[in-house]
Colleague: 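Structure below; questions to follow.
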Amino acid sequence: PSSMLALLLRSPLPVLNKFQKRPMSGFEGWSETNAMNCQTKKVLVVEDNDDCRELLAMIISRLGYEVIEATTGLDGIYRASTRQPDLIFMDVGLPGTTGLEATHHLKTHRSTQDIPIVINTAYAGASIVKQAVEAGAAEVLHKPFGLLVLHDVLRRYLSPSNEPAEAHSAGNAPLVYRSSLAEDVL
């Protein structure tokens, strides 16, 4: 398995049964009602690594959101344009059109410019964060990131009590989460 999946399997997380039909437990303040309230929210996951994409999609789906998947930058642009998700998780190292190029494209087109894009990357360093900000990313997550970080991001952009436009307005600098092996990892 990939290193991210191997870390998940070694971490003290609850076992995920892919046949369960309820949201995952373990998130403070989460309930069946929350799942019912967010079912109409759509999250696009653009990731070329099958293990990473499927795992992230499964967790987001278990939390009650509709998940759309794409494996390339061009496919991500197409799915964002046609499906109009409420939030996009975009990997950087995609084949062909990179995640940063796809982010820039989405941010320069009227139909997708207001969709918050969270860059998730295994690349470290200030230059990738600078490039993500310049492309229009709302946040940068460094892989592996924890389940609590994921839940925080989803709640910040998709909670019915928050206006996504305010959460990632041009005046706010993007948040940057750095991974830590000490936390529960995704």
Colleague: Calculate, to the nearest 0.5 Å, the distance between atoms OG1 and CD1 belonging to T121 and I128 respectively.
Modeller: 5.0 Å
Colleague: Could you tell me if the side chain of I115 sits less than 4.5 Å from the side chain of L106, heavy atoms only?
Modeller: no
Colleague: Considering the options V149, I59, D86, L87, which one meets the side chain to side chain contact (heavy atoms under 4.5 Å, CB included) requirement together with L154?
Modeller: L87
Colleague: Is there a side-chain contact between T103 and I119 in this structure, where contact means two heavy atoms from C-beta onward sitting under 4.5 Å apart?
Modeller: yes
Colleague: Indicate yes or no for a side-chain donor-acceptor contact from Q84 to the backbone of S111 under 3.5 Å, with no hydrogens or angles considered.
Modeller: yes
Colleague: In chain order, what residues pass the ring-ring contact (aromatic ring centres under 6.0 Å, His included) check against H105, with sequence neighbours excluded?
Modeller: H109
Colleague: Does K41 reach the side chain of Y157, with side-chain heavy atoms less than 4.5 Å apart?
Modeller: no
Colleague: To the nearest 0.5 Å, how far apart are OH in Y123 and NZ in K143?
Modeller: 9.0 Å
Colleague: Between V45 and I60, does the side-chain contact (heavy atoms from CB on, under 4.5 Å) criterion hold? Intermediate values first, please.
Modeller: CA-CA 9 Å; V45 176; I60 293 170; 4.0 Å; yes
Colleague: State, yes or no, whether a side-chain contact exists between D48 and P95 at a heavy-atom distance under 4.5 Å.
Modeller: yes
Colleague: Which residues pass the side chain to side chain donor-acceptor pair (under 3.5 Å) test with E69, sequence neighbours left out?
Modeller: R53
Colleague: Is any side-chain heavy atom of T71 closer than 4.5 Å to a side-chain heavy atom of E47?
Modeller: no
Colleague: Taking only residues two or more places apart in sequence or in another chain, which ones pass side chain to side chain contact (heavy atoms under 4.5 Å, CB included) with A70?
Modeller: L44, V46, D75, R79
Colleague: Just jot down the side chain to side chain donor-acceptor pair (under 3.5 Å) partners of N120, sequence neighbours excluded, or say none.
Modeller: none
Colleague: Compare all side-chain heavy atoms of F89 with those of V67 and state whether any distance is below 4.5 angstrom.
Modeller: no
Colleague: For the side chain of K42 and the backbone of R83, is there at least one donor-acceptor N/O pair under 3.5 Å apart?
Modeller: yes
Colleague: What distance separates L150 CG from L56 CG, expressed to the nearest 0.5 Å?
Modeller: 6.0 Å
Colleague: For T98, what residues pass the side chain to side chain contact (heavy atoms under 4.5 Å, CB included) criterion, not counting sequence neighbours?
Modeller: L100, E101
Colleague: Between L94 and T72, is there a side-chain heavy-atom distance shorter than 4.5 Å?
Modeller: no
Colleague: Is there a donor-acceptor contact under 3.5 Å from the side chain of H104 to the main chain of G136?
Modeller: no
Colleague: Of all the heavy-atom pairs spanning A102 and G73, show the shortest one and how long it is.
Modeller: CB-O, 3.9 Å
Colleague: Hey, does E66 have a side-chain heavy atom less than 4.5 Å from the side chain of V43?
Modeller: no
Colleague: Quick one: pull up OG1 in T108 and CD in Q113 and give me the separation to the nearest 0.5 Å.
Modeller: 8.5 Å
Colleague: In terms of hydrophobic clusters joined by side-chain contacts under 4.5 Å, are L74 and Y78 together?
Modeller: no
Colleague: Filter on salt bridge (charged side-chain N to carboxylate O under 4.0 Å, His left out), then keep only pairs touching residues 125-134, sequence neighbours left out; what's left?
Modeller: K130-E134
